[in-house]
Amino acid sequence: MEKELNKILENTLHIFNLTHIPIEIEIPRDESYGDLSTPIAMRLAKTLKKPPKIIAEEIKKNIYENYPHIFEKIEVAGQGFVNFKFKEEFLLEELIKIIANHRDYLNFDIGKGKKVLLEFVSANPTGPLHLGHGRGAAVGMALCNIMEAGGYKVFKEYYINDAGVQIKKLGHSVYARYRQKLCDERDYPFPEDGYRGDYIEEIVLNNELSSLLKEYNLCKDTFEEISSLVNNLSCQLMLKDIKKDLADMNVHFDTWKSEKELYDKGMVQEAIEHLRDKGLIYEKDSALWFKSTVYGDDKDRVVLKSNGEYTYFASDIAYHKYKLDRGFEEIIDIWGADHHGYIPRISSALQALGLHSENFNVLLIQMVTLLRDGKPVQMSKRAGEFITLREIIDEIGPDTTKFLFLFRRHDTPLEIDIEKAKEQSADNPVYYVQYAHARISSIIEKAENLGVKLDIQKIKPSNFRLNEDELRIVKKILSYPMLFKSTVKTREPHRIAFYLYELAGLFHPYYHKYRVITEDRDITLSRLALCICAKIIFKEGLTLLGVSAPDKM
RNA sequence: GCCCCCUUAGCUCAGUAGGAUAGAGCACAGGUUUCCUAAACCUGGUGCCGCAGGUUCGAUCCCUGCAGGGGGCACCA
């Protein structure tokens, strides 16, 4: 609907010898202002040196004359808005088009095949995923689906931080627990900064670890002797759990990139050399520094410490270089909001490597707090007391978990009330939306059983009989493209979730007020068409969010 | 001290890349089931959009300052 208006406005402005004018179209707040509206006359007032109302009148007159079959009413209002009300017939034609070819309606070519690397979750494999990771996973997966529907080519990658001291701590913790549990050495010292969570014990008691270490005598060999083996195995087992959590959330990655591999293949050194060749690396206090200030960072950053070790930032540079080397044109990283301070330095590195800053985007994911009985559940990672993503998925199910993660802008803190999430009531938006889909499915099924079937080839707008409530739903459905485009542009998946919630909020009352299957054949077919369309949208939206769209509940 | 984010109805939050008279849900009160799924629906009313300036035809939205809340500052990861 907005696409047609856009074209019409473009043609109209062309008549006035105006080309390449950005056309804004919006849905007016108040229904009485029409279906769509444009403030274009106010925009043009300056260039044309005419009052906006005069311009608006000219636009109105012109469109009225040339497109009498599309508009019911065109009005000039306010300071110069042009408000459009479509003819019912036009709206219904649009509806039929959706049913006839919904892929065409739901997919867009905003990205024009642009290759995007989307990196998300990337949690250190030193413990189970927590809620924040889950939120990042949900947002990442949804964003990927959305951008692909928007014509981008998106690759999803998980970066495994398996090279640093954290992995050593993990291995050391596992080793110490092993001595304590399986070697009868209850007093074996546990590393002070080790990981104390129960999951360490689970790794130790896991038969897989024991069997993999059969050839070694862990009770005799010192940690130093077998550390690399234990570190590695612990990391592998941890990753296995992480992969399972993500798989159960239906989150999948195209590639899992290991940090350790970057070192083993000399890519870290290579990346630093590359920057050195560009004159962006210098030595100070026997350390190597990257001139990130050249690209707007507050201060230069160390890449090679004076003790000869690379910083975490060094491997990050190498990793992001690797992203570019594979030909990706846009880099999107999804991070916890506590990492926001890293944006300038990574952005600097990418710019130094030749990427324009607008092609690097970071989505920051804010904290998730869990409420039980209305009170926040205290979490402390050091003491090993925290609620894992796994526990929440098991308790409230993956669909609810994902939807709740996506029912808020990603950069604002989120509270999840676990009692409410389990309630499966109106407090729980995911059920509200899914239920609308299930209800529609049930209606369509019933109609089929009664032998009522919509023949899309034969149906014409003149067959339709839709009332005011129904037209409101039709318009909401027809506004999907606008919503979708804004979601792609802003990279804010929550907009889809809110849209679906609003659509469900129109459908449920409608369902309650009217019956779809009636004695009147035309009315039945009309309403059925509306239902089929709504179902297409619910299904699409939920799928984009990674949430299931059940036919029965 | 410096940087980032947040501040909208009693509560939780939207607000369509600057538009018209700022919206939902919850909570609270009352009601609805012979009917395609009651996990639903209907009827009730609320706002110094944190404060103060600025930009302009127009600001909840952009800029500056201030206040309150959260997060971050490293040759940690």
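The basis for the numbers below is simple: all heavy atoms, side chains too, and nothing from hydrogens, waters or symmetry mates. Below, chains carry the letters A, B, ... as their sequence lines are ordered, and counting in each starts from 1.
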Table of protein N/O atoms under 3.5 Å from nucleotides 56-58 of chain B N/O atoms:
from: B/C57; atom 1: OP1; to: A/Lys46; atom 2: NZ; distance (Å): 3.4

Over all strands shown, is A/Thr412 touching base, sugar-phosphate only, or nothing at heavy-atom distances under 4.0 angstrom?
sugar-phosphate
Check every strand shown and say whether A/Tyr514 touches a base, only sugar-phosphate, or nothing at a heavy-atom separation below 4.0 Å.
base
For the residue pair A/Lys257 and A/Tyr322, would you count it as a cation-pi contact if the rule is NZ or CZ under 6.0 angstrom from the ring centre and within 45 degrees of the ring axis?
yes
Distance-only donor-acceptor test, A/Thr311 side-chain atoms vs B/C75 base atoms, 3.5 Å
no
Work out how far the C1' atom of B/C4 is from that of B/U16, and round it to whole angstrom.
26 Å
For A/Ser122, side-chain contact (heavy atoms from CB on, under 4.5 Å) partners two or more places apart:
A/Glu119, A/Tyr159
Which nucleotide in the set B/C75, B/C41, B/A17 lies at the smallest distance from any side-chain heavy atom of A/Lys305?
B/C75
Checking all strands, does A/Phe498 fall into the base, sugar-phosphate, or nothing category for heavy-atom contacts under 4.0 angstrom?
sugar-phosphate
Looking for any heavy atom pair under 4.0 Å, which part of the strands does A/Tyr511 touch: base, sugar-phosphate only, or nothing?
base
Determine the contact category for A/Asn161: base if any of its heavy atoms lies under 4.0 Å from a base atom, sugar-phosphate if only primed atoms, P, OP1 or OP2 are that close, otherwise nothing.
nothing
When rounded to the nearest Å, what value does the distance between C1' atoms of B/A22 and B/U8 take?
8 Å
Could you tell me whether the side chain of A/Glu330 reaches within less than 4.5 Å of the side chain of A/Tyr152, counting heavy atoms only?
yes
Going by the rule salt bridge (Lys or Arg N to Asp or Glu O under 4.0 Å), which residues pair with A/Arg527 if we only count those two or more places apart in sequence or in a different chain?
A/Glu470
Have a look at A/Ser286 and say if it touches a base, only the backbone sugar-phosphate, or nothing, with a 4.0 Å heavy-atom cut-off.
nothing
side-chain contact (heavy atoms from CB on, under 4.5 Å) against A/Ser348, all qualifying residues, sequence neighbours excluded:
A/Phe290, A/Ser292, A/Tyr295, A/Asp297
In terms of side-chain heavy atoms of A/Arg495, which of B/A17, B/C41, B/C75 is nearest?
B/A17
When all nucleic acid strands are considered with a 4.0 Å heavy-atom cut-off, which category describes A/Asp297: base, sugar-phosphate, or nothing?
nothing
Using the ring of each side chain (for Trp, its six-membered ring), is A/Tyr511 parallel, tilted or perpendicular to A/Phe507, with breaks at 30° and 60°?
tilted
Between A/Asp551 and A/Lys535, does any NZ, NE, NH1 or NH2 come within less than 4.0 Å of an OD or OE carboxylate oxygen?
yes
Exactly one of A/Phe538, A/Tyr435, A/Phe407 clears ring pair (Phe, Tyr, Trp, His ring centres under 6.0 Å) with A/Tyr501, and that residue is A/Phe407
Between A/Ser37 and A/Glu26, is there a side-chain donor-acceptor contact under 3.5 Å, judged purely by atom types and distance?
no
How far does the C1' atom of B/A29 sit from the matching atom of B/G45, given to the nearest Å?
12 Å
Pairing partner of B/U33 (Watson-Crick or G-U wobble, both distances under 3.5 Å)
none
Nucleotide B/A39, atom C1' - distance to NE2 of A/His512 in whole Å:
13 Å
Taking the side chain of A/His494 as heavy atoms from C-beta outward, which of B/U16, B/A14, B/G19 is closest to it?
B/A14
For nucleotides 69-73 of chain B, which of its nitrogen or oxygen atoms have a protein nitrogen or oxygen under 3.5 Å away, and what is each distance?
from: B/G71; atom 1: N2; to: A/His340; atom 2: NE2; distance (Å): 2.9

Heavy atoms only, 4.0 Å cut-off, all strands: where does A/Ala438 land among base, sugar-phosphate and nothing?
base
How would you list, by chain and number, every residue that makes a side-chain contact (heavy atoms from CB on, under 4.5 Å) with A/Leu9, sequence neighbours excluded?
A/Leu5, A/Ile23, A/Ile25, A/Thr38, A/Ile59, A/Ile63, A/Phe84
With heavy atoms under 4.0 Å as the rule, sort A/Pro509 into base, sugar-phosphate or nothing.
sugar-phosphate
Side chain of A/Arg408, heavy atoms from C-beta onward: which of B/U21, B/C75, B/U12 has the nearest atom to it?
B/U12
